Amino acid sequence: MRIVMVEIIKDDITTLKVDAIVNAANHTLLGGGGVDGAIHRAAGPRLRAECAMVGGCPTGSAKLTEGYDLPARFVVHAVGPVWRGGDEGEDELLASCYRKAMQLAEEHRIDSIAFSCISTGAYGFPFERACGIALSEIFRALDEGSRVKQVYCVCFSDDDFEIYDRILSTFGQ
Ligand code: AR6
């Protein structure tokens, strides 16, 4: 049986030496605040230059670039939904970000991937609900035979870590 590790960690995602980190970007892909700003600062100006060539990304999708000065080889820029109360397709759009990121991991032969908590900061998506959606999609991709061997879900606070870890335990992990 193949063992895939899904781990909740508390860390600064820009410091992780994995094949790919997943950014919580906006549709311009040209940088912003939060984890997006931190990733662009750490990766250096070549990241913004490549992002400018990509030409944006719709909400619910993701695009892959090099990692440049980051320890990670690639950055997957996922554009999560802004939370507008839950009746505007936010759950499905968030799920779609995770599906697309796992698909890009497959296409680029990525073994290890670290996800930021997409949409849960400036975009206001309720944290617990986002964790459940993230884990459902990650486990679905793994069950469908993804080649990814190690998945990290990266939290930035102790409170977020505790919540995410509790939700992971409900997935039988
Ligand atoms: N490492 C890991 N997680 C982090 C880090 C870090 N260095 N910094 C913040 N987080 P947000 P969003 C967590 O607001 O809600 C940007 O301006 C943070 O605690 O970065 O998808 C973009 O350009 C939170 O749990 O992303 C967009 O315009 C999570 O990252 C918009 O914000 C996501 O929070 C996207 O908003």
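Numbers here simply count residues along the sequence, with the first being 1. Start at 1 and go down the list; that is how both ligands and their atoms are numbered. Quick caveat, the model's predicted, so the values are computed rather than measured. Below, each value reflects all heavy atoms present in this structure, side chains not excepted, and no hydrogens, waters or symmetry copies.
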For atom 17 (O) of ligand 1, which of the options Ala24, Gly121, Gly33 provides the nearest non-hydrogen atom?
Gly33
Would Ser116 count as a contact residue for ligand 1, given that I'm defining contact as a non-hydrogen atom of the residue lying under 4.0 Å from a ligand atom?
no
Would you mind checking which non-hydrogen protein atom is closest to atom 14 (O) of ligand 1, with the distance to 0.1 Å?
Ala122 N, 2.8 Å
If you group Ile, Leu, Val, Met, Phe, Trp and Tyr whenever their side-chain heavy atoms sit less than 4.5 Å apart, what else falls in with Val79?
Leu29, Val54
Looking at Asp11, which atoms of ligand 1 are within less than 4.0 Å of one of its heavy atoms?
1 (N), 2 (C)
Straight-line distance of Arg73 CZ to Asp19 CG, nearest 0.5 Å
7.5 Å
Name all pairs fulfilling the ring pair (Phe, Tyr, Trp, His ring centres under 6.0 Å) condition that reach into residues 61-90, sequence neighbours left out, sorted by first residue then second.
Phe74-His108, Trp83-Phe125
Take every heavy atom of Thr120, measure it against each atom of ligand 1, and state whether any distance is under 4.0 Å.
yes
How far is atom 22 (C) of ligand 1 from its nearest protein heavy atom, and which residue and atom is that?
Asp36 OD2, 3.5 Å
Do me a favour and list the nearest non-hydrogen protein atom to atom 31 (C) of ligand 1 with residue, atom name and distance?
Tyr123 CE1, 3.5 Å
List ligand 1 atoms under 4.0 Å from Asp12, heavy atoms only on the residue side.
1 (N), 6 (C), 7 (N)
of all protein heavy atoms, closest to atom 6 (C) of ligand 1 is Phe156 CE1, 3.4 Å
Nearest non-hydrogen contact to atom 20 (O) of ligand 1 from the set Thr14, Asp160, Val35 belongs to Val35
Which of the atoms in ligand 1, numbered in the order shown and given with their element, are less than 4.0 Å from a heavy-atom of Gly32?
17 (O), 23 (O)
Please determine, by modelled atom types, if Asp159 and Ser157 share a side-chain donor-acceptor pair under 3.5 angstrom.
no
Just need the protein heavy atom nearest to atom 33 (C) of ligand 1, so name the residue and atom and give the distance.
Cys117 O, 3.3 Å
